[in-house]
Amino acid sequence: MDFSKILTKWYLQNKRDLPWRNTVNPYYIWLSEIILQQTRVNQGLAYYEKFIVAFPTVFDLAKADENTILNLWQGLGYYSRARNLHFSAKYIVNERDGKFPATFKDLLKLKGVGDYTASAIASICYNEPCAVVDGNVYRVLARYYGIDIPINSTEGIKLFKKLAQDLIDTNDPATFNQAIMEFGAMQCKPKNPDCSICPFQNSCIAKEEKMVEILPIKDKKIKVTKRFFNYLVLISPMDRTLLNQRKQKGIWRNLYQFPLIETSKEIDISELIKMDELHKITNASNNDITLFNKKPIIHKLSHQHLSVNFWVINSDKEMENSISISDFDKYPVPILIHNFAEAYF
DNA sequence: AAATCGTGGCA
DNA sequence: TTGCCAAGATT
């Protein structure tokens with residue numbers, strides 16, 4: 001039996017029952033693929049369920065407010081996915097009369113849809129023989145063929161795409177693509193795969209050469225920068241507070257947060273009280289300010305480590321542009337802010 | 001082409 | 001505790 005035949009057989013016996021496997025509606029497949037980018041199935045599942053209820057069609061998504069969408073996306077990370085999802089929904093409704101793109105080429109025109117996602121939708125929904133290459137596929141192919149070329153090098157990206165494209169079952173690309181990804185996720189796992197039950201144990205080069213644990217190769221470690229955030233949590237007599245929207249590009253774009261003073265190092269209250277930025281926001285004095293957390297909260301993003309202090313400031317009067325604390329949940333916020341609110345409000 | 005963009009689970 | 005990395009895309 002060839003690779004595709006063995007793979008498909010394994011898939012039909014071992015595949016998980018996932019909600020997006022019961023449809024070929026491109027809107028639902030698109031939604032699921034965006035949610036699952038760089039995201040584990042277990043984390044994305046609840047979000048998929050929420051989204052199809054809130055936005056049953058691309059028209060519902062297109063006419064929603066961005067805040068509503070970001071609010072549902074809250075906690076999932078990589079928020080540009082949500083913004084691009086909204087942008088592309090509007091594009092499909094307004095520029096294509098609600099007709100979903102039906103070819104790889106046209107799918108690629110959607111913001112947030114790259115080679116992988118276009119291939120996934122084209123194959124699953126329209127049987128176009130476009131091979132997907134995600135993290136799972138890199139791992140399966142690197143091991144099966146014993147390839148030590150870095151998967152994130154220009155050469156590697158090109159090579160693995162060609163390998164997958166040569167391997168794909170053109171008679172049933174939808175099943176092949178989902179099978180190879182599921183196989184990577186469930187059987188050919190990153191750590192401690194059980195090769196003794198693998199259907200490829202007699203043909204896998206990595207298994208033969210004891211390379212399973214070191215493949216695939218990925219080079220370049222990301223540099224982590226440290227930042228110091230001081231959030232000012234102002235509380236008014238009527239239980240109102242201040243929130244700002246992050247408009248600049250960078251992390252958490254378009255999400256909300258408390259007024260922020262970013263510093264180049266950790267500061268204590270005596271240093272905080274000296275800062276001009278503080279007095280532009282409040283006239284509170286030393287006595288009105290208390291540090292919520294005993295130690296700085298270390299919030300780790302993939303390439304930034306944030307050291308965060310929440311300074312709670314009792315304001316003696318009401319403030320301009322404040323929001324009621326009871327309305328806090330209406331604003332999309334980073335999980336860091338959400339966790340603070342959960343603990344304090 | 002290399003950097004940037006979140007969060008959570010796991011060994 | 002630390003590092004890896006997950007149905008990647010964008011600039």
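Residue numbering restarts at 1 for every chain, and letters A, B, ... go by the order of the sequence lines.
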What's the verdict on side chain to side chain donor-acceptor pair (under 3.5 Å) for Tyr116(A) and Glu33(A), showing C-alpha distance, side-chain angles and the deciding distance?
CA-CA 9 Å; Tyr116(A) 163 79; Glu33(A) 291 298 344; 2.7 Å; yes
Rounded to whole angstrom units, what separation is found between the OH atom of Tyr116(A) and the C1' atom of dA6(C)?
11 Å
How long is the line joining CD of Gln178(A) and P of dA7(C), in whole Å?
13 Å
Rounded to the Å, how far apart are Met181(A) CE and dA7(C) P?
9 Å
What verdict does the side chain to side chain contact (heavy atoms under 4.5 Å, CB included) test give for Tyr231(A) and Leu336(A), after you've listed the backbone C-alpha separation in whole Å, the side-chain angles of each residue and the deciding distance to 0.1 Å?
CA-CA 11 Å; Tyr231(A) 280 121; Leu336(A) 168 73; 4.0 Å; yes
Say we look at dA1(B) and dA6(C): how far apart would their P atoms be, to the nearest angstrom?
23 Å
Once you apply a heavy-atom cut-off of 4.0 Å, does Val41(A) come out as touching a base, just sugar-phosphate, or nothing?
nothing
Whole angstrom is fine here: how far is it from CD1 in Ile222(A) over to C1' in dA1(B)?
17 Å
Closest nucleotide among dA6(C), dC5(B), dA7(C) to the Gln304(A) side chain
dC5(B)
Ignoring the backbone of Gln43(A), work out which of dA7(C), dG8(C), dT7(B) is nearest its side chain.
dT7(B)
Say you pick atom C1' in dC5(B) and the same atom in dC5(C); how far apart are they, in whole Å?
15 Å
How would you label the contact of Ser80(A) with the nucleic acid (heavy atoms, under 4.0 Å): base, sugar-phosphate, or nothing?
nothing
With respect to the phosphate group of dA9(C), does any side-chain polar atom (N or O) of Thr117(A) fall under 4.0 Å of OP1 or OP2?
yes
Could you pick out which residue, Ser32(A) or Val113(A), lies toward the 5' side of DNA chain C when each is mapped onto its nearest nucleotide?
Ser32(A)
Whole-Å distance, Arg83(A) CZ to dA9(C) C1', equals 12 Å
Counting heavy atoms from C-beta on, name the nucleotide in dT7(B), dA7(C), dG8(C) closest to the side chain of Pro334(A).
dT7(B)
If only side-chain N and O atoms count, and only distance matters, is there a donor-acceptor pair under 3.5 Å linking Ser270(A) with Asp268(A)?
yes
Touch class at under 4.0 angstrom, heavy-atom based, for Leu76(A) against every strand present
base
How is Gly250(A) classified with respect to the nucleic acid when contacts are heavy atoms under 4.0 Å: base, sugar-phosphate, or nothing?
sugar-phosphate
Which part of the nucleic acid, if any, lies within reach of Leu301(A) when heavy atoms closer than 4.0 Å are counted: base, sugar-phosphate only, or nothing?
base
Residue pair Arg16(A)/Leu110(A) against DNA chain C: nearer the 5' end by closest nucleotide is Arg16(A)
For dA9(C) and dG9(B), measure between their C1' atoms and round to the nearest Å.
23 Å
Should His299(A) be listed as having a side-chain N or O under 4.0 Å from OP1 or OP2 of dT7(B)?
yes
Mapping Asn192(A) and Leu336(A) onto DNA chain B by nearest heavy atom, which one lands closer to the 5' end?
Leu336(A)
Which part of the nucleic acid, if any, lies within contact of Asp115(A), taking any heavy atom under 4.0 Å across all strands shown: a base, the sugar-phosphate backbone alone, or nothing?
sugar-phosphate
Of all the choices, dC5(B), dA7(C), dA9(C), which nucleotide is nearest to the side chain of Ser302(A) once you look at every atom?
dC5(B)
Tell me which nucleotide among dG8(B), dG6(B), dA7(C) gets nearest to the side chain of Arg40(A).
dG8(B)
Please classify the nucleic acid contact of Lys300(A) as base, sugar-phosphate, or nothing, using heavy-atom distances under 4.0 Å.
base
Please tell me whether Phe176(A) and Tyr11(A) form a close aromatic pair, meaning their ring centres lie under 6.0 Å apart.
no
Look at Gln37(A) and dG8(C) and indicate whether a side-chain polar atom (N or O) is within less than 4.0 Å of OP1 or OP2.
no
Pairwise C1' distance for dA11(B) and dA7(C), with rounding to whole Å
23 Å
So does Trp252(A) get a side-chain nitrogen or oxygen closer than 4.0 Å to the phosphate oxygens (OP1/OP2) of dT4(B)?
no
Would you call Asp327(A)-Lys330(A) a salt bridge at under 4.0 Å N-O?
yes
Compare side-chain N and O positions of Tyr79(A) against OP1 and OP2 of dT7(B) and report whether any pair is under 4.0 Å apart.
yes
Let me know the distance between CG of Asp134(A) and P of dA6(C), rounded to the nearest Å.
8 Å
Mind checking if Gly44(A) touches a base, just sugar-phosphate, or nothing, with heavy atoms under 4.0 Å?
nothing
In whole angstrom, what separates Tyr48(A)'s OH from dA7(C)'s P?
17 Å
Under 30°, 30 to 60°, or over 60°: which ring-plane class applies to Phe3(A) and Phe200(A), parallel, tilted or perpendicular?
parallel
Gap in Å between the two P atoms, one belonging to dT11(C) and one to dG6(B), rounded
14 Å
Nearest listed nucleotide, side chain of Thr154(A), among dA1(B), dG6(B), dG8(C):
dA1(B)
Look at the rings of Phe340(A) and Phe310(A) and say which category their plane angle falls in: under 30° parallel, 30 to 60° tilted, over 60° perpendicular.
parallel
Protein-nucleotide distance (Lys218(A), atom NZ; dC4(C), atom C1'), rounded to Å:
8 Å
Is there a side-chain contact between Arg81(A) and the phosphate of dG6(B), meaning an N or O under 4.0 Å from OP1 or OP2?
no
Under 4.0 Å, heavy atoms only, any strand: does Trp20(A) hit a base, just the sugar-phosphate, or nothing?
base
With C1' as the reference atom in both, quote the distance from dG8(B) to dT1(C) in angstrom, rounded to an integer.
16 Å
Pick the closest DNA chain B nucleotide for Lys191(A) and for His303(A) by heavy atoms, then say which residue is nearer the 5' end.
His303(A)
Determine, for Lys265(A) against Glu271(A), whether the closest basic-nitrogen to carboxylate-oxygen distance falls under 4.0 angstrom.
yes
